[in-house]
Amino acid sequence: TRMAHLRGATYHLTLPRSQIGVNLPVEQLFHVNGTPREDYVPAVQVTVSDLGESGADPWMKKATAVLKNPRR
């Protein structure tokens with residue numbers, strides 16, 4: 001999923017022979033309704049097509065549209 005990389009805290013360790021640093025996810029985060037964070041999909045989303053207008057705030061545009069038409 002798009003949010004799969006958001007999996008909570010990580011621990012850092014250094015590989016002994018190469019000295020390369022590695023971050024490992026160790027905790028899973030959850031939405032308040034119990035859904036794993038990486039599976040949560042908000043009811044209203046701002047998509048790539050909403051980002052088209054130069055100088056416009058796509059999040060404000062989407063919020064205004066939802067407020068004007070709450071059944072959407």
Side-chain angles (χ1 to χ4, degrees):
T1 64
R2 290 183 335 196
M3 295 181 66
H5 63 282
L6 302 174
R7 297 206 180 215
T10 61
Y11 287 142
H12 179 82
L13 68 101
T14 302
L15 299 175
R17 291 188 182 196
S18 65
Q19 298 302 305
I20 294 173
V22 179
N23 289 325
L24 300 172
V26 293
E27 296 177 21
Q28 187 174 22
L29 298 180
F30 296 89
H31 185 273
V32 294
N33 68 11
T35 304
R37 183 175 177 178
E38 64 273 13
D39 292 337
Y40 176 74
V41 178
V44 177
Q45 298 182 42
V46 175
T47 63
V48 173
S49 63
D50 296 319
L51 303 176
E53 288 186 39
S54 169
D57 182 339
W59 290 270
M60 185 61 73
K61 182 178 171 185
K62 180 68 86 165
T64 303
V66 169
L67 289 172
K68 286 181 179 179
N69 185 11
R71 292 183 180 196
R72 193 169 175 210

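Fair warning: this is a prediction, and the values are worked out from it, not measured in the lab. Heavy-atom basis, side chains included; hydrogens, waters and symmetry copies ignored. Index from 1, following the sequence.
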Subject >> Rounded distance [0.5 Å steps], CZ in F30 versus OG1 in T35 >> reply: 9.5 Å

**OP:** Start with the C-alpha gap between L13 and L15, add the side-chain angles, then the distance that decides, and say whether side chain to side chain contact (heavy atoms under 4.5 Å, CB included) holds.
**Re:** CA-CA 6 Å; L13 68 101; L15 299 175; 3.9 Å; yes

**OP:** Check whether any side-chain heavy atom of Q28 lies under 4.5 Å from a side-chain heavy atom of E38, and answer yes or no.
**Re:** yes

